[in-house]
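Quick note on labels: first sequence line is chain A, next is B, and so on, each numbered from 1.
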Amino acid sequence: MDTGNKTNNSKTEANISGNFIHDIIDRHLEEGVYKKVHTRFPPEPNGYLHIGHAKSICLNFGTAAKYNGLCNLRFDDTNPAKEELEYVESIIEDVKWLGFDWEDRLYFAADYFDKMYEYAIMLIEKGKAYVDDLSAEEIRKLRGTLTEPGKNSPYRDRPIEENLDLFRRMKAGEFEDGTRVLRAKIDMASPNMNMRDPVIYRIAHLPHHRTGDKWCIYPMYDYAHPLEDAIENITHSICTLEFEDHRPLYEWVLDELGIFPNPPVQIEFARLELTNTVMSKRKLRVLVEEGKVSDWDDPRMPTISGLRRRGYTPTSIRDFADRVGVAKNNSVVDIALLEHCLREELNKDAQRVMGVLNPLKLVITNYPDDKVEYMELENNQEDPEAGTRDVPFSKELYIEREDFMEDPPRKFFRLAPGKEVRLKNAYIIKCEEVVKDEATGDILEIRCSYDPETRSGLPGAKRRVKGTLHWVSVKHAIPATIRLYDYLFVEDENGEMQYNPDSIKELKGYVEPSLKGTEAGSRFQFFRQGYFCTDIVESKPDDLVFNQIVPLKSSYKPGK
RNA sequence: UGGGGCGUAGCCAAGCGGUAAGGCACGGGACUUUGACUCCCGCAGUCGUAGGUUCGAAUCCUGCCGCCCCAGCCA
């Protein structure tokens, strides 16, 4: 059945292509199992979102959009020991930044605690749940192992009235943490460990970021999640593969209660892994705590906040999420695909500018001392509408240190003694002399002559030279801090991913004067270098800090 | 040795009984005042493996192998 693509061009649409989940939904709609589609993104507010979550966000919101349905943002905040308001705020910011809109449907599991409690009472009354006085240790011992069945708790067959009384007293705060739990009464011999009378409520005398001190018992995920979904009339509860084993329990809770006429179905997909980084909250936390990165929003982090600070766009991340696909294979996606998405977008609309990362002074000996010419540069040759600007040119310039070699290999299309090269939208120059530090041998400056007939636009400019260099006029240059990044993890000689101690390089470079006053968060393509974004935390209009988002691709292979 | 999943190219991923899409990466070439972009070309004689069913199998069946997940009062 063709459900049609969303016709209103909401910017929040992830343009999701088909996948096995959509096939299931198509069938549901066809068979009338559901009349509409309602999904949710249900983060636990216990950490920052990363690009793996972005995949899930795009899937859930994108699926809803595809079927003209709705997607809720719901915090699954059933464990106050780990959750904080700080995280709910960052998650809201990140989902919004990615471009998704949950309208007025911002929900919290905690807001359903009263209902969940009532439902638990119902289960007890049906004889489907019981209060267990065993310690965590004892429960574990009786649970059995993967190959041996568990054993019933001695409290398993306690009378309903007693269970009711005990559960009410658990809620009333009469018992210490860990002294009692409420368990679902299912089957201690089930081959599925999750069905061996799972704990559904525990005692925790902890304040909750939303409910304060109202509760000292909190529901467990397996019990709470299906209820959250059912209460919100979710149709398709999409989660990751590790919950596949929990599906029978998800269904058990809803079935036993029997009060939801059209309960949701849980569908699992493989979470995203990326090369050259780590993705678990735990591992990311270690990087932060060990000071390997500055914070969760360090531009090297795969967190949404890190990617944002690095300069990644929401569009490129959504595009990436769409391209990696949705399936059940555990997969590790090459980070080159993410980079490709960013380049593809920014190639289309990033302003081109000239910035010299590693400056080397170049003097044009036959150019008049005080002369300044303004060279016209296209803002973006991919987009004629972007117009042009004038960039000052003078006798003394900075070029990239890498663009000069005293003793170049073959096919070095740049500057070398006696060789000619084009300065972007200016003149052809020829290297006449290399000035070095007598003591160290370091190259201090390059002295060149220029051919006045070869100015861009003049007939003499037709002459071809193999290389074109970017440049910045010394007296007009704006100093800037430029940060280059490498992957946080790189492959060692055995093919293992290892932490990369050299993942950041900070340079003092120069950029063309048009960049004066640039606001934080602005993106550019630095000619021949890559895409850069002014750091949203540290860049100031009069003290620019650029983060390299990704370098330009290069087919230049030294030595070939 | 229990249960639940998954095996299609270097990495993702379509495919749903009629003869292996697409993307990324990679290699070659054209173009180029960005070694970028763009454009061309190449890149799985076979789908983990062995059998079986069929006129026909990546698709159905059986066995085997490999990998992932489950024994939290985490989610």
Which whole-number value in Å describes the distance from [X] [atom1] to [N] [atom2]?
{"X": "A:Arg528", "N": "B:G35", "atom1": "CZ", "atom2": "P", "value": "5 Å"}
{"X": "A:Phe320", "N": "B:G23", "atom1": "CZ", "atom2": "P", "value": "17 Å"}
{"X": "A:His340", "N": "B:C12", "atom1": "NE2", "atom2": "C1'", "value": "13 Å"}
{"X": "A:Arg74", "N": "B:A75", "atom1": "CZ", "atom2": "P", "value": "13 Å"}
{"X": "A:Asn425", "N": "B:U33", "atom1": "CG", "atom2": "P", "value": "11 Å"}
{"X": "A:Phe524", "N": "B:A36", "atom1": "CZ", "atom2": "C1'", "value": "18 Å"}

Checking contacts here: which listed nucleotide ([options]) is nearest the side-chain heavy atoms of [X]?
{"X": "A:Lys411", "options": "B:G35, B:A75, B:C6", "answer": "B:G35"}
{"X": "A:Glu244", "options": "B:G4, B:U32, B:C73", "answer": "B:G4"}
{"X": "A:Asn192", "options": "B:A25, B:C74, B:G3", "answer": "B:G3"}
{"X": "A:Asn194", "options": "B:U34, B:C24, B:C70", "answer": "B:C70"}
{"X": "A:Arg143", "options": "B:G72, B:U34, B:G2", "answer": "B:G72"}
{"X": "A:Asn79", "options": "B:U34, B:C12, B:A75", "answer": "B:A75"}
{"X": "A:Leu337", "options": "B:C69, B:C73, B:G23", "answer": "B:G23"}
{"X": "A:Met220", "options": "B:C73, B:G10, B:A13", "answer": "B:C73"}
{"X": "A:Lys328", "options": "B:U33, B:C6, B:A71", "answer": "B:C6"}

Cation-pi, A:Trp215 ring and A:Lys171 (6.0 angstrom, 45 degrees):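 The answer is yes; both the distance and angle limits are met.
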Against the six-membered ring of A:Tyr556, is A:Arg414 placed for a cation-pi contact (under 6.0 Å from the centre, within 45° of the normal)?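 So A:Arg414 does make the cation-pi contact.
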Classify the nucleic acid contact of [X] as base, sugar-phosphate or nothing, counting any heavy atom under 4.0 Å across all strands shown.
{"X": "A:Gln529", "value": "nothing"}
{"X": "A:Leu134", "value": "base"}
{"X": "A:Ala327", "value": "sugar-phosphate"}
{"X": "A:Glu339", "value": "nothing"}
{"X": "A:Val332", "value": "sugar-phosphate"}
{"X": "A:Ser456", "value": "base"}
{"X": "A:Tyr218", "value": "nothing"}
{"X": "A:Asp23", "value": "base"}
{"X": "A:Asp76", "value": "sugar-phosphate"}
{"X": "A:Ile139", "value": "base"}
{"X": "A:Phe412", "value": "base"}
{"X": "A:Ala461", "value": "base"}
{"X": "A:His470", "value": "nothing"}

Mate of [N] where both pairing distances stay under 3.5 Å, Watson-Crick or G-U:
{"N": "B:G7", "answer": "B:C65"}
{"N": "B:U38", "answer": "B:A30"}
{"N": "B:C73", "answer": "none"}
{"N": "B:U19", "answer": "none"}

Please determine whether a side-chain nitrogen of the Lys or Arg among A:Arg247 and A:Glu268 lies less than 4.0 Å from a carboxylate oxygen of the Asp or Glu.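 Result for this pair is yes, salt bridge flagged.
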On the nucleotide [N], are OP1 or OP2 found under 4.0 Å from the side-chain N or O atoms that [X] carries?
{"X": "A:Lys462", "N": "B:U33", "result": "no"}
{"X": "A:Ser555", "N": "B:A36", "result": "yes"}
{"X": "A:Lys553", "N": "B:G35", "result": "no"}
{"X": "A:Arg202", "N": "B:A75", "result": "yes"}
{"X": "A:Arg271", "N": "B:C6", "result": "no"}
{"X": "A:Thr78", "N": "B:A75", "result": "yes"}
{"X": "A:Arg343", "N": "B:C24", "result": "no"}
{"X": "A:Arg323", "N": "B:A13", "result": "no"}
{"X": "A:Asn330", "N": "B:C6", "result": "no"}
{"X": "A:Arg196", "N": "B:G3", "result": "no"}

Answer yes or no: side-chain N or O of [X] and base N or O of [N] forming a donor-acceptor pair under 3.5 Å.
{"X": "A:Glu382", "N": "B:U38", "result": "no"}
{"X": "A:Arg422", "N": "B:U33", "result": "yes"}
{"X": "A:Arg352", "N": "B:U34", "result": "yes"}
{"X": "A:Arg414", "N": "B:G35", "result": "yes"}
{"X": "A:Asp245", "N": "B:G3", "result": "yes"}
{"X": "A:Thr468", "N": "B:U34", "result": "no"}

Quick one: are the ring centres of [X] and [Y] less than 6.0 Å apart?
{"X": "A:Tyr367", "Y": "A:Phe393", "result": "yes"}
{"X": "A:Tyr130", "Y": "A:Tyr155", "result": "no"}
{"X": "A:Phe526", "Y": "A:Phe532", "result": "yes"}

What orientation do A:His246 and A:Phe243 show, parallel under 30°, tilted 30 to 60°, or perpendicular over 60°?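 It falls in the perpendicular class, over 60°.
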Upstream residue (5' side of RNA chain B) when A:Asn380 and A:Ser331 are each assigned their closest nucleotide: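 That would be A:Ser331.
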Of A:Phe20 and A:Tyr201, whose nearest nucleotide on RNA chain B comes first from the 5' end?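 This one resolves to A:Phe20.
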Determine if the base of B:G63 is syn or anti; take syn to mean the glycosidic torsion is within 90° of 0.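 In terms of base orientation relative to the sugar, B:G63 is anti.
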For B:G51, is chi within 90° of 0 (syn) or not (anti)?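 In terms of base orientation relative to the sugar, B:G51 is anti.
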Using the C1' atom as the reference point in each nucleotide, state the distance between B:C64 and B:G29 in Å, no decimals.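 It works out to 47 Å between them.
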What integer number of Å spans the C1' atoms of B:G27 and B:A14?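 Between the two C1' atoms, the distance is 25 Å.
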Do you see a donor-acceptor pair shorter than 3.5 Å between the side chains of A:Asn379 and A:Arg352?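 Side chains of A:Asn379 and A:Arg352: no pair found under 3.5 Å.
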Side chains of A:Glu453 and A:Tyr427: is there a donor and an acceptor less than 3.5 Å apart?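 No.
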In this structure, which one of A:Tyr112, A:Tyr218, A:Tyr201, A:Tyr119 forms a ring pair (Phe, Tyr, Trp, His ring centres under 6.0 Å) with A:Tyr223?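 So the option named by the test is A:Tyr201.
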